[in-house]
Amino acid sequence: MPELPEVETMRRGIAAIAGSSIVGVERLRCQRRPILIEPRALSRRLTGRRIAAVERLGKRVVLRLEEGERLIFEPRMTGLVLVADPPTREHLRLRLDLSGGPIPHVWYWDRRGLGSVRLLTESQFMERLGNGHLGPDALTISCNKLRERLERSRRPIKVALLDQRAVAGIGNLYASEILHLAGVHPAKRCDLLTALQWQGIHAQMQAVLQLAIRYEGSTLSDGTYRNALNQSGGFQNHHRVYDRAGDSCLTCSRGRITRVVQAQRATFFCPACQTKRPRS
DNA sequence: CATATGTCCTGAGAGC
DNA sequence: TGCTCTCAGGACATAT
(Lines give C-alpha, C1' and ligand atoms only; values in the text may rest on other atoms or scores of the structure.)
Protein backbone atom coordinates (compact mmCIF):
# COMPACT_ATOMS: atom_id res chain seq x y z
CA MET A 1 0.00 0.00 0.00
CA PRO A 2 2.22 2.77 -1.19
CA GLU A 3 2.01 5.74 1.14
CA LEU A 4 4.37 8.70 1.40
CA PRO A 5 7.56 6.71 2.24
CA GLU A 6 6.97 4.12 -0.49
CA VAL A 7 6.10 6.74 -3.11
CA GLU A 8 9.08 8.87 -2.13
CA THR A 9 11.24 5.76 -2.53
CA MET A 10 9.80 5.23 -6.00
CA ARG A 11 10.48 8.87 -6.85
CA ARG A 12 14.09 8.62 -5.72
CA GLY A 13 14.45 5.39 -7.68
CA ILE A 14 13.67 7.13 -10.95
CA ALA A 15 14.95 10.62 -10.10
CA ALA A 16 17.86 10.19 -12.51
CA ILE A 17 15.50 10.27 -15.49
CA ALA A 18 15.18 14.04 -15.07
CA GLY A 19 16.70 15.53 -18.21
CA SER A 20 16.05 12.40 -20.28
CA SER A 21 13.71 12.39 -23.25
CA ILE A 22 10.88 9.98 -23.90
CA VAL A 23 11.52 8.19 -27.18
CA GLY A 24 8.92 5.43 -26.98
CA VAL A 25 5.74 4.49 -25.17
CA GLU A 26 4.02 1.14 -25.01
CA ARG A 27 0.81 0.37 -23.25
CA LEU A 28 1.19 -3.29 -22.40
CA ARG A 29 -2.23 -4.37 -21.26
CA CYS A 30 -5.72 -3.05 -21.42
CA GLN A 31 -6.38 -0.58 -18.66
CA ARG A 32 -9.98 0.39 -18.44
CA ARG A 33 -9.63 3.06 -15.79
CA PRO A 34 -6.02 4.08 -15.49
CA ILE A 35 -5.17 5.96 -18.66
CA LEU A 36 -7.73 8.55 -19.59
CA ILE A 37 -6.65 9.13 -23.16
CA GLU A 38 -6.36 6.71 -26.02
CA PRO A 39 -3.02 4.92 -26.44
CA ARG A 40 -2.22 6.50 -29.78
CA ALA A 41 -2.68 9.98 -28.34
CA LEU A 42 -0.62 9.04 -25.30
CA SER A 43 2.25 7.93 -27.50
CA ARG A 44 1.97 10.99 -29.74
CA ARG A 45 1.83 13.38 -26.81
CA LEU A 46 4.78 11.80 -24.96
CA THR A 47 7.20 10.84 -27.71
CA GLY A 48 10.05 13.30 -28.05
CA ARG A 49 9.21 15.09 -24.83
CA ARG A 50 11.87 15.93 -22.27
CA ILE A 51 11.34 15.17 -18.58
CA ALA A 52 11.99 18.41 -16.71
CA ALA A 53 11.64 17.08 -13.16
CA VAL A 54 10.65 14.05 -11.11
CA GLU A 55 8.46 15.07 -8.20
CA ARG A 56 6.20 13.59 -5.55
CA LEU A 57 2.75 14.93 -4.84
CA GLY A 58 1.35 13.22 -1.76
CA LYS A 59 1.10 9.56 -2.81
CA ARG A 60 1.72 10.24 -6.51
CA VAL A 61 4.91 10.31 -8.56
CA VAL A 62 4.84 13.19 -11.03
CA LEU A 63 6.98 13.51 -14.16
CA ARG A 64 6.92 17.16 -15.04
CA LEU A 65 7.25 17.70 -18.76
CA GLU A 66 7.73 20.92 -20.67
CA GLU A 67 4.87 23.38 -20.95
CA GLY A 68 3.29 22.29 -17.70
CA GLU A 69 2.18 18.85 -18.80
CA ARG A 70 2.52 16.15 -16.19
CA LEU A 71 2.57 12.35 -16.34
CA ILE A 72 1.19 11.19 -13.01
CA PHE A 73 1.72 7.73 -11.53
CA GLU A 74 -0.81 6.94 -8.81
CA PRO A 75 -0.02 3.45 -7.41
CA ARG A 76 -2.94 3.22 -4.95
CA MET A 77 -2.76 -0.35 -3.60
CA THR A 78 -0.47 -2.41 -5.79
CA GLY A 79 1.08 -0.08 -8.35
CA LEU A 80 4.86 0.01 -8.80
CA VAL A 81 7.16 2.35 -10.70
CA LEU A 82 10.22 0.39 -11.78
CA VAL A 83 13.49 0.73 -13.62
CA ALA A 84 14.38 -2.97 -13.20
CA ASP A 85 12.54 -6.07 -14.41
CA PRO A 86 9.06 -6.19 -12.90
CA PRO A 87 7.81 -8.93 -10.52
CA THR A 88 5.70 -10.49 -13.29
CA ARG A 89 5.20 -9.85 -16.98
CA GLU A 90 1.49 -10.27 -16.52
CA HIS A 91 0.65 -7.05 -14.75
CA LEU A 92 2.82 -4.67 -16.72
CA ARG A 93 0.76 -1.68 -17.77
CA LEU A 94 3.07 0.86 -19.36
CA ARG A 95 6.65 1.14 -20.58
CA LEU A 96 8.47 4.38 -21.28
CA ASP A 97 11.62 4.22 -23.40
CA LEU A 98 14.10 6.96 -22.57
CA SER A 99 17.26 8.43 -24.03
CA GLY A 100 19.84 10.98 -22.94
CA GLY A 101 20.25 9.66 -19.41
CA PRO A 102 21.39 6.67 -17.36
CA ILE A 103 18.02 4.87 -17.24
CA PRO A 104 16.72 3.29 -20.47
CA HIS A 105 13.21 2.26 -19.41
CA VAL A 106 10.61 3.00 -16.77
CA TRP A 107 7.75 0.53 -16.20
CA TYR A 108 4.44 0.89 -14.46
CA TRP A 109 3.25 -2.42 -13.01
CA ASP A 110 -0.01 -2.92 -11.12
CA ARG A 111 -1.40 -6.27 -10.00
CA ARG A 112 -4.84 -5.13 -8.98
CA GLY A 113 -5.16 -2.24 -11.33
CA LEU A 114 -6.66 0.20 -8.87
CA GLY A 115 -3.85 2.62 -9.62
CA SER A 116 -3.49 4.86 -12.63
CA VAL A 117 -1.17 6.68 -14.97
CA ARG A 118 -2.53 9.95 -16.28
CA LEU A 119 -1.19 12.58 -18.61
CA LEU A 120 -2.60 15.95 -17.63
CA THR A 121 -2.23 19.41 -19.13
CA GLU A 122 -1.53 22.31 -16.81
CA SER A 123 -5.20 23.22 -16.61
CA GLN A 124 -6.32 19.60 -16.10
CA PHE A 125 -3.74 19.29 -13.34
CA MET A 126 -4.96 22.42 -11.57
CA GLU A 127 -8.54 21.30 -11.90
CA ARG A 128 -7.91 17.86 -10.42
CA LEU A 129 -4.95 18.32 -8.08
CA GLY A 130 -4.43 22.06 -7.76
CA ASN A 131 -5.25 24.44 -4.93
CA GLY A 132 -7.45 22.92 -2.28
CA HIS A 133 -7.39 19.36 -3.60
CA LEU A 134 -4.42 18.28 -1.50
CA GLY A 135 -3.20 19.51 1.86
CA PRO A 136 0.44 20.35 2.62
CA ASP A 137 2.88 17.45 2.43
CA ALA A 138 3.12 15.44 5.65
CA LEU A 139 6.91 15.52 5.54
CA THR A 140 7.16 19.32 5.70
CA ILE A 141 3.91 20.64 7.18
CA SER A 142 4.42 22.72 10.34
CA CYS A 143 2.84 21.72 13.62
CA ASN A 144 0.71 24.85 13.68
CA LYS A 145 -0.51 24.25 10.15
CA LEU A 146 -1.40 20.63 10.90
CA ARG A 147 -3.31 21.64 13.98
CA GLU A 148 -5.02 24.54 12.21
CA ARG A 149 -6.29 22.25 9.47
CA LEU A 150 -7.69 19.55 11.77
CA GLU A 151 -8.50 21.01 15.17
CA ARG A 152 -12.08 21.93 14.35
CA SER A 153 -12.94 18.47 13.01
CA ARG A 154 -15.09 16.18 15.11
CA ARG A 155 -13.70 13.10 13.38
CA PRO A 156 -11.42 10.62 15.15
CA ILE A 157 -7.77 11.62 14.68
CA LYS A 158 -6.92 8.35 12.90
CA VAL A 159 -9.63 8.96 10.30
CA ALA A 160 -8.69 12.62 9.87
CA LEU A 161 -5.01 11.81 9.25
CA LEU A 162 -6.08 9.84 6.17
CA ASP A 163 -7.81 12.89 4.66
CA GLN A 164 -5.49 13.98 1.85
CA ARG A 165 -7.12 17.41 1.69
CA ALA A 166 -6.01 18.05 5.26
CA VAL A 167 -2.46 16.68 4.98
CA ALA A 168 -1.04 14.75 2.05
CA GLY A 169 0.81 11.46 2.17
CA ILE A 170 -0.38 9.52 5.23
CA GLY A 171 -2.14 6.22 4.63
CA ASN A 172 -3.63 3.51 6.78
CA LEU A 173 -0.39 1.91 7.93
CA TYR A 174 1.53 5.02 8.97
CA ALA A 175 -1.52 6.62 10.62
CA SER A 176 -1.56 3.79 13.19
CA GLU A 177 2.21 3.92 13.68
CA ILE A 178 2.23 7.71 14.17
CA LEU A 179 -0.53 7.69 16.78
CA HIS A 180 1.08 4.83 18.65
CA LEU A 181 4.39 6.66 18.98
CA ALA A 182 2.57 9.85 19.96
CA GLY A 183 0.68 7.96 22.67
CA VAL A 184 -2.68 9.13 21.33
CA HIS A 185 -5.77 6.94 21.12
CA PRO A 186 -6.89 6.61 17.46
CA ALA A 187 -10.52 7.28 18.33
CA LYS A 188 -9.76 10.59 20.06
CA ARG A 189 -11.71 13.40 18.42
CA CYS A 190 -9.54 16.03 16.73
CA ASP A 191 -11.33 18.90 18.43
CA LEU A 192 -10.53 17.45 21.86
CA LEU A 193 -6.77 17.05 21.41
CA THR A 194 -4.44 19.20 23.51
CA ALA A 195 -1.60 21.36 22.21
CA LEU A 196 0.85 18.83 23.61
CA GLN A 197 -0.85 16.00 21.78
CA TRP A 198 -0.74 17.92 18.49
CA GLN A 199 2.98 18.46 19.05
CA GLY A 200 3.46 14.75 19.64
CA ILE A 201 1.47 13.75 16.58
CA HIS A 202 3.36 16.24 14.41
CA ALA A 203 6.78 15.23 15.69
CA GLN A 204 6.12 11.49 15.41
CA MET A 205 4.55 11.90 11.97
CA GLN A 206 7.72 13.38 10.59
CA ALA A 207 9.98 11.02 12.53
CA VAL A 208 8.14 7.89 11.34
CA LEU A 209 7.93 9.02 7.74
CA GLN A 210 11.61 9.96 7.62
CA LEU A 211 12.66 6.68 9.19
CA ALA A 212 10.42 4.70 6.83
CA ILE A 213 11.95 6.52 3.85
CA ARG A 214 15.40 5.57 5.13
CA TYR A 215 14.26 1.92 5.14
CA GLU A 216 12.73 2.38 1.68
CA GLY A 217 9.18 1.74 2.84
CA SER A 218 7.21 -1.25 4.10
CA THR A 219 6.82 -4.51 2.17
CA LEU A 220 3.92 -6.33 3.84
CA SER A 221 3.41 -10.08 3.96
CA ASP A 222 1.88 -10.13 0.47
CA GLY A 223 5.26 -8.93 -0.79
CA THR A 224 3.73 -6.56 -3.33
CA TYR A 225 5.55 -3.34 -2.61
CA ARG A 226 9.05 -3.08 -4.10
CA ASN A 227 11.38 -0.17 -4.78
CA ALA A 228 12.28 0.87 -8.33
CA LEU A 229 14.92 -1.88 -8.46
CA ASN A 230 12.30 -4.50 -7.50
CA GLN A 231 13.75 -4.92 -3.99
CA SER A 232 11.75 -5.22 -0.76
CA GLY A 233 11.53 -2.36 1.69
CA GLY A 234 12.74 -2.79 5.27
CA PHE A 235 10.43 -0.78 7.50
CA GLN A 236 7.98 -3.66 8.01
CA ASN A 237 10.49 -5.03 10.53
CA HIS A 238 10.08 -1.87 12.61
CA HIS A 239 6.29 -1.64 12.79
CA ARG A 240 5.19 -1.29 16.38
CA VAL A 241 1.44 -1.84 15.92
CA TYR A 242 0.45 -2.38 12.29
CA ASP A 243 -0.65 -5.99 11.66
CA ARG A 244 0.48 -7.01 15.18
CA ALA A 245 -2.95 -7.70 16.70
CA GLY A 246 -2.67 -9.90 19.80
CA ASP A 247 1.06 -9.31 20.25
CA SER A 248 2.36 -7.53 23.31
CA CYS A 249 3.15 -3.85 23.04
CA LEU A 250 6.79 -3.11 22.19
CA THR A 251 6.53 0.28 23.83
CA CYS A 252 4.97 -0.41 27.24
CA SER A 253 5.02 -4.26 27.33
CA ARG A 254 1.78 -4.14 29.34
CA GLY A 255 -0.86 -3.91 26.62
CA ARG A 256 -1.76 -6.23 23.78
CA ILE A 257 -2.03 -4.69 20.34
CA THR A 258 -5.69 -4.35 19.45
CA ARG A 259 -7.32 -4.18 16.03
CA VAL A 260 -10.43 -2.09 15.53
CA VAL A 261 -12.18 -0.82 12.41
CA GLN A 262 -12.61 2.89 11.80
CA ALA A 263 -14.22 4.18 8.60
CA GLN A 264 -13.97 0.68 7.10
CA ARG A 265 -10.21 0.55 7.68
CA ALA A 266 -8.21 -1.48 10.18
CA THR A 267 -6.62 0.49 13.01
CA PHE A 268 -4.00 -0.99 15.34
CA PHE A 269 -3.15 0.46 18.73
CA CYS A 270 -2.11 -0.35 22.28
CA PRO A 271 -4.95 0.26 24.76
CA ALA A 272 -2.47 0.53 27.62
CA CYS A 273 -0.23 3.31 26.34
CA GLN A 274 -2.48 5.08 23.87
CA THR A 275 -4.95 6.81 26.11
CA LYS A 276 -7.72 9.20 25.31
CA ARG A 277 -6.36 11.48 27.97
CA PRO A 278 -3.14 13.44 27.49
CA ARG A 279 -0.06 11.81 28.96
CA SER A 280 1.06 13.48 32.16
C1' DC B 1 -20.66 22.96 4.71
C1' DA B 2 -18.81 18.32 7.17
C1' DT B 3 -18.97 13.64 7.38
C1' DA B 4 -20.25 8.86 5.96
C1' DT B 5 -20.69 5.15 2.73
C1' DG B 6 -20.23 2.46 -1.69
C1' DT B 7 -17.22 1.27 -5.53
C1' DC B 8 -13.36 -0.39 -8.11
C1' DC B 9 -9.77 -4.47 -8.36
C1' DT B 10 -7.01 -9.33 -7.65
C1' DG B 11 -4.91 -12.83 -5.16
C1' DA B 12 -3.70 -14.64 -0.55
C1' DG B 13 -5.43 -17.11 3.05
C1' DA B 14 -9.19 -19.06 5.89
C1' DG B 15 -12.54 -22.46 6.46
C1' DC B 16 -15.06 -26.42 5.25
C1' DT C 1 -6.99 -31.65 -1.99
C1' DG C 2 -10.09 -28.31 -3.91
C1' DC C 3 -13.60 -25.34 -3.63
C1' DT C 4 -15.86 -20.83 -2.03
C1' DC C 5 -15.68 -16.84 0.57
C1' DT C 6 -13.66 -12.76 2.82
C1' DC C 7 -10.52 -9.26 3.10
C1' DA C 8 -6.83 -5.78 2.07
C1' DG C 9 -7.39 0.12 1.32
C1' DG C 10 -6.24 4.31 -2.09
C1' DA C 11 -9.19 7.99 -4.08
C1' DC C 12 -13.34 9.39 -5.79
C1' DA C 13 -18.53 9.57 -6.48
C1' DT C 14 -22.59 9.83 -4.24
C1' DA C 15 -25.51 10.12 -0.08
C1' DT C 16 -26.80 12.02 4.32
Side-chain angles (χ1 to χ4, degrees), chain A residues 1-11 28-36 56-62 72-81 86-94 108-118 120 124-125 127-130 132-135 137-138 148-179 186-192 209 212 217-226 232 236 239 241-246 259-268:
Chain A
M1 58 187 85
E3 305 181 24
L4 188 153
E6 290 77 24
V7 177
E8 175 61 17
T9 302
M10 293 176 189
R11 187 198 69 77
L28 292 138
R29 193 165 175 261
C30 177
Q31 296 183 95
R32 193 168 65 231
R33 298 167 69 252
I35 293 177
L36 294 179
R56 180 180 56 76
L57 184 67
K59 302 176 194 172
R60 298 166 172 94
V61 175
V62 178
I72 300 177
F73 296 84
E74 185 182 323
R76 298 230 189 158
M77 293 302 292
T78 53
L80 297 178
V81 176
T88 66
R89 300 292 303 174
E90 189 189 354
H91 299 104
L92 273 176
R93 309 286 175 151
L94 187 75
Y108 180 72
W109 180 96
D110 194 341
R111 197 186 65 212
R112 278 163 67 179
L114 290 174
S116 69
V117 183
R118 291 189 166 98
L120 302 182
Q124 288 171 328
F125 175 80
E127 195 180 310
R128 295 186 62 87
L129 295 167
H133 287 268
L134 282 180
D137 195 78
E148 185 182 297
R149 296 180 73 87
L150 290 174
E151 70 182 349
R152 280 175 300 278
S153 174
R154 297 171 65 87
R155 289 178 294 179
I157 179 63
K158 157 63 166 43
V159 175
L161 285 176
L162 300 181
D163 182 352
Q164 303 299 298
R165 284 165 309 193
V167 54
I170 299 172
N172 202 50
L173 190 162
Y174 292 101
S176 283
E177 293 294 322
I178 290 163
L179 291 174
K188 183 78 179 177
R189 266 169 48 177
C190 291
D191 58 342
L192 301 178
L209 296 175
S218 301
T219 298
L220 303 181
S221 55
D222 70 0
T224 299
Y225 166 72
R226 327 287 289 178
S232 295
Q236 64 281 2
H239 294 171
V241 289
Y242 187 82
D243 211 14
R244 295 193 63 245
R259 179 189 188 275
V260 296
V261 173
Q262 296 178 283
Q264 277 106 258
R265 270 100 178 107
T267 299
F268 298 88

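Bear in mind the structure is a predicted one, so any value in this text is a computation, not a measurement. Letters go in sequence order (proteins before strands), and every chain restarts at 1.
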Fill in the blank from the handout: A:Arg154 has its side chain closest, among C:dA11, B:dG11, B:dT3, to B:dT3

Handout entry: Polar side-chain contact A:Arg112-C:dG10 base: donor and acceptor under 3.5 Å
Key = no

Practice task
Give a yes/no answer on whether the side chain of A:Ser153 brings an N or O atom under 4.0 Å of OP1 or OP2 in B:dT3.
Solution key: yes

Problem - Sugar-phosphate, base or nothing in reach of A:Ala266, heavy atoms under 4.0 Å - result: sugar-phosphate

Exercise for the section: Compare side-chain N and O positions of A:Arg111 against OP1 and OP2 of B:dT10 and report whether any pair is under 4.0 Å apart. Expected result: no

Handout entry: side-chain N/O A:His91 vs B:dG11 OP1/OP2, d < 4.0 Å
Key = yes

Problem - Whole-Å gap separating P (B:dG13) and CG (A:Asp243) - result: 11 Å

Practice task
Identify, between A:Leu129 and A:Asn172, the residue whose nearest nucleotide on DNA chain C lies closer to the 5' end.
Solution key: A:Asn172

Completion exercise
When rounded to whole Å, the CZ to C1' distance for the pair A:Arg152 and B:dA2 reads 12 Å

Exercise for the section: Can you figure out which of B:dA4, C:dG10, C:dC12 approaches the side chain of A:Arg60 most closely? Expected result: C:dC12

Exercise for the section: Anything under 30° is parallel, anything over 60° is perpendicular, the rest tilted; go ahead and classify A:Tyr242 against A:Phe268. Expected result: perpendicular

Practice task
Could you state the atom-to-atom distance from CG of A:Asp110 to P of B:dC8 in whole Å?
Solution key: 17 Å

